[in-house]
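I have placed the structure first, in the form of structure tokens, so that the comments after it can refer back to it.
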Amino acid sequence: MKKSLVFFALATLLLSACKKEKEVIDLPRTNASPEVVAAVDSFVNATQTHPVAPDSITLHSIMILKHGEVVFEKWFNGHSAETPHPMFSVSKTFTATAVGLAINEGKLNLTDPVIKFFPDKLPAEQSDNLKAMTVRDLLTMTCGHDEELNNAGRDSLDWVQGFLAWPVKHKPREYYLYNSLGTYMLSAIVQKVTGEKVIDYLDTRLFQPLHIARPEWDESPQGINCGGWGLSLKTEDMAKMGQLFLQQGKWNGKQIVPAEWLKEMSSYQVPSAPSGTRFEDIEKAGLNKDNNEWVQGYGYQMWICRHNAFRADGYAGQYIFVFPERDAVLVLTTASTLYQPYMDLIWEYLLPIL
């Protein structure tokens with residue numbers, strides 16, 4: 001009798017542990033309401049028949065979370081829940097998270113000069129602007145470059161050395177220029193101060209706590225994760241990151257990323273311009289906060305949105321939208337040649353159901 005009771009107790013504990021583990025690994029699900037299904041169907045149809053360029057938006061996945069539960073999920077055009085998707089510049093948000101964790105561990109500071117970390121890779125002469133460039137300037141895309149280092153120049157050099165040798169024509173913090181190689185520099189700095197590649201540094205501190213299988217992340221010829229691009233994740237992995245922001249860095253009762261850092265990342269820090277657009281050309285191009293999503297402001301490797309939201313944003317329509325006031329997350333993976341028109345469809349059809 002005692003053996004039976006002991007066996008029953010052990011079995012109950014094991015079953016309970018398995019259920020608890022399942023809750024941690026997967027986001028909880030609930031059935032989609034008819035209103036959500038109808039709204040998503042209308043959105044999908046609109047992407048396929050857009051008057052500007054029909055068939056220019058190819059959806060790969062959609063996932064919607066409300067109050068921490070997945071209320072809708074669907075994959076399209078041969079993509080699946082188990083297939084990692086290229087993140088492109090959504091990678092930047094994960095690099096900035098690594099920077100925040102390293103700052104929290106006392107390994108660097110926002111105000112540290114960039115040249116401090118690479119004394120052996122500096123040009124023979126360093127301008128005052130280069131000397132003034134800080135970690136924060138890299139995070140906010142205000143490092144002072146007038147144009148981004150082109151691919152030909154980048155690939156022919158040590159990437160860090162090439163970045164440091166590139167002319168810094170503006171005083172840091174005075175000129176916004178979308179700069180993916182600046183994010184690579186953040187990755188290089190994290191690797192320098194921690195002794196780990198960003199992918200490894202985040203694995204124990206972010207990916208494992210969120211139960212995200214260790215992803216792939218492209219590297220430079222020097223063995224440094226690209227930082228600004230090259231990460232691949234599943235749709236649910238993206239959704240977990242969005243939910244982590246909603247939960248102010250807490251996961252399963254533990255503070256895995258400082259809440260204040262996530263708030264800084266997702267708050268307006270500097271004025272912004274679309275990638276490839278010079279800041280002084282914004283007005284000439286007719287872009288303003290009423291008609292363009294890329295001039296709403298920039299945080300630390302994240303974009304500010306209308307409707308009191310913010311997002312991680314990657315080339316061709318990879319998005320993690322976070323809506324704190326609505327306690328909602330919207331994730332999309334896409335192959336799109338439209339940007340603002342695509343965003344307008346998101347607001348028109350999907351925002352109401354959040």
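Not measured: the values here are computed from a predicted model.
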(request) Output yes when a side-chain donor or acceptor of N288 lies under 3.5 Å from a complementary backbone atom of E283, and no otherwise. (result) no

(message) For Q248, is the CD atom crowded, meaning more than 12 foreign heavy atoms sit under 6.0 Å from it?
(response) no

(message) Please tell me whether I304 and V270 are part of a single hydrophobic cluster in this structure, the criterion being side-chain heavy atoms less than 4.5 Å apart.
(response) no

(message) Quick check: closest heavy atoms across I199 and N225, and the distance to 0.1 Å?
(response) N-OD1, 3.0 Å

Using distance only, find each side-chain donor-acceptor pair of residues 256-265 under 3.5 Å and give its atom names and separation, not counting sequence neighbours.
unit_1, atom_1, unit_2, atom_2, d
W261, NE1, A96, O, 3.0
E264, OE1, Y300, OH, 3.1

(message) Looking only at the aromatic ring of each residue, does the gap between the centers of Y319 and W303 stay below 6.0 angstrom?
(response) no

(request) Would you check, one step at a time, whether the test side chain to side chain contact (heavy atoms under 4.5 Å, CB included) holds for I320 with T93? (result) CA-CA 10 Å; I320 305 172; T93 298; over 6 Å; no

(request) Decide yes or no for P123 and L164: does some side-chain heavy atom of the first lie under 4.5 Å from some side-chain heavy atom of the second? (result) yes

(message) Are the side chains of M133 and C143 in contact, using a 4.5 Å heavy-atom criterion?
(response) yes

(request) Using the side chain to side chain contact (heavy atoms under 4.5 Å, CB included) rule, take I212 and M241 through it: C-alpha gap first, then chi angles, then the decisive distance, then the call. (result) CA-CA 10 Å; I212 294 174; M241 189 64 167; 5.8 Å; no

(message) Is it the case that the side chain of D158 and the backbone of Q161 share a donor-acceptor pair, with hydrogens and angles ignored and the cut-off at 3.5 Å?
(response) yes

(request) Would you kindly say whether T134 and T111 are connected by a side-chain donor-acceptor distance under 3.5 Å? (result) no

(request) Would you kindly say whether S336 and T334 are connected by a side-chain donor-acceptor distance under 3.5 Å? (result) no

(message) Testing the basics here: between V71 and A32, what is the closest heavy-atom pair and its distance to 0.1 Å?
(response) O-CB, 3.0 Å

(message) Between E348 and S42, is there a side-chain heavy-atom distance shorter than 4.5 Å?
(response) no

(request) Applying ring pair (Phe, Tyr, Trp, His ring centres under 6.0 Å), run through W347 and F43 and close with a yes or a no. (result) CA-CA 10 Å; W347 298 146; F43 170 72; over 10 Å; no

(message) Quick one: does any side-chain atom of Q191 pair with a main-chain N or O of V198 as donor and acceptor, under 3.5 Å?
(response) no

(message) Taking the side chain as everything from C-beta on, heavy atoms only, tell me whether E293 gets closer than 4.5 Å to Y339.
(response) no

(message) For W294, does the six-membered ring have the charged nitrogen or CZ of R311 within the cation-pi criterion, i.e. under 6.0 angstrom from the centroid and within 45° of the normal?
(response) yes

(request) Determine yes or no for a side-chain-to-main-chain donor-acceptor pair under 3.5 angstrom, with S272 supplying the side chain and G297 the backbone. (result) yes

(message) Quick check for you: to the nearest 0.5 Å, what is the distance between D281 atom CG and L287 atom CG?
(response) 9.5 Å

(request) Return the set of residues passing salt bridge (charged side-chain N to carboxylate O under 4.0 Å, His left out) with D146 (not counting sequence neighbours), or none when no residue passes. (result) R278

(message) Assess whether a salt bridge exists between K234 and E82, defined as any Lys/Arg side-chain N lying under 4.0 Å from an Asp/Glu carboxylate O.
(response) yes

(request) Quick one: list whatever passes ring pair (Phe, Tyr, Trp, His ring centres under 6.0 Å) with F323, sequence neighbours left out. (result) none

(request) Give, for atom CG of L231 and atom CG of L202, the distance between the pair rounded to the nearest 0.5 Å. (result) 9.0 Å

(message) Whether the T95 and K92 side chains hold a donor-acceptor pair (N or O, under 3.5 Å, no angle test) is what I'd like checked.
(response) no

(message) I want to check something: taking the side chain as every heavy atom from C-beta on, are E219 and I224 in contact at a cut-off of under 4.5 Å?
(response) no

(message) Looking at D128 and K171, is there a salt bridge between them, counting it only when a charged N and a carboxylate O are closer than 4.0 Å?
(response) no

(request) May I ask you to say whether K169 pairs ionically with E174, meaning some side-chain N is under 4.0 Å from a carboxylate O? (result) no

(request) Determine whether the side chains of R136 and Q269 contain a donor N or O and an acceptor N or O closer than 3.5 Å. (result) yes

(request) Using atom types as modelled and distance alone, determine if a side-chain donor or acceptor of R326 lies under 3.5 Å from a backbone N or O of I353. (result) no

(request) Please examine the side chains of P274 and N292, heavy atoms only from C-beta on, and report whether any two atoms are closer than 4.5 Å. (result) yes

(request) Drop me the distance from L332's CG to L350's CG, to the nearest 0.5 angstrom. (result) 6.5 Å

(message) Check whether N129 reaches the backbone of H170 with its side chain - one donor and one acceptor, N or O, closer than 3.5 Å.
(response) yes

(request) Assess whether side chain to side chain contact (heavy atoms under 4.5 Å, CB included) is satisfied between V190 and L101, documenting all intermediate values. (result) CA-CA 10 Å; V190 170; L101 289 168; over 6 Å; no

(message) Looking at A273, is its backbone amide N or carbonyl O close enough to the side chain of T277 to form a donor-acceptor pair, meaning the two atoms are under 3.5 Å apart?
(response) no

(request) Report the relative orientation of the aromatic rings in Y315 and F88; use parallel for angles under 30°, tilted for 30 to 60°, perpendicular for over 60°. (result) perpendicular

(request) State, with a plain yes or no, whether a side-chain heavy atom of E105 is found less than 4.5 Å away from one of R205. (result) yes

(message) Does this structure show an ion pair linking K66 with D327, if we count only N-O contacts that are shorter than 4.0 Å?
(response) no

(message) How long is the straight-line distance from CG of L181 back to CG of L149, given to the nearest 0.5 Å?
(response) 5.5 Å

(message) Test side chain to side chain contact (heavy atoms under 4.5 Å, CB included) on I64 and V70; report intermediate values, then the result.
(response) CA-CA 6 Å; I64 302 171; V70 178; over 6 Å; no

(message) With a 4.5 Å cut-off on side-chain heavy atoms, are P271 and F279 touching?
(response) yes

(request) Taking atom types as modelled, find out whether Q340 and N291 have a side-chain donor-acceptor pair closer than 3.5 angstrom. (result) no

(message) Among Q296, M302, Q301, which residue satisfies the side-chain contact (heavy atoms from CB on, under 4.5 Å) criterion with Y298?
(response) Q301

(message) Side chains of T140 and Y176 only: does a donor on one sit below 3.5 Å from an acceptor on the other?
(response) no

(request) Please assess D203 against Q208 for the test side-chain hydrogen bond (donor to acceptor under 3.5 Å, both in side chains), listing each intermediate value before the final yes or no. (result) CA-CA 6 Å; D203 190 40; Q208 288 184 28; 3.1 Å; yes

(request) Check the surroundings of atom NZ in K74: do more than 12 heavy atoms from other residues, nucleotides or ligands lie under 6.0 Å from it? (result) no

(message) Could you measure the distance from the CZ atom of R173 to the CG atom of D137? Nearest 0.5 Å is fine.
(response) 4.5 Å

(request) Could you tell me whether the side chains of T183 and S180 share a donor-acceptor contact shorter than 3.5 Å? (result) no

(message) Between K240 (side chain only) and F207 (backbone N and O only), is there a donor and an acceptor less than 3.5 Å apart?
(response) no

(message) Is it the case that atom CD in E280 sees more than 12 heavy atoms from other parts of the structure closer than 6.0 Å?
(response) yes

(message) Looking at N179 and G182, would you say the former's side chain and the latter's main chain have a donor-acceptor pair under 3.5 Å?
(response) yes

(message) Assess, by modelled atom type and distance only, whether the side chains of H60 and H85 contain a donor and an acceptor separated by less than 3.5 Å.
(response) yes

(message) I need the T204 OG1 to E196 CD distance, nearest 0.5 Å.
(response) 6.0 Å

(request) Kindly say whether the aromatic ring centers of Y342 and H50 come within a distance under 6.0 Å. (result) no

(message) Please find the pair of heavy atoms, one from S220 and one from C226, that lie closest to each other, and give the distance.
(response) N-SG, 4.1 Å

(message) Check the orientation of Y184 and W159. Use parallel for under 30°, tilted for 30 to 60°, and perpendicular for over 60°.
(response) perpendicular

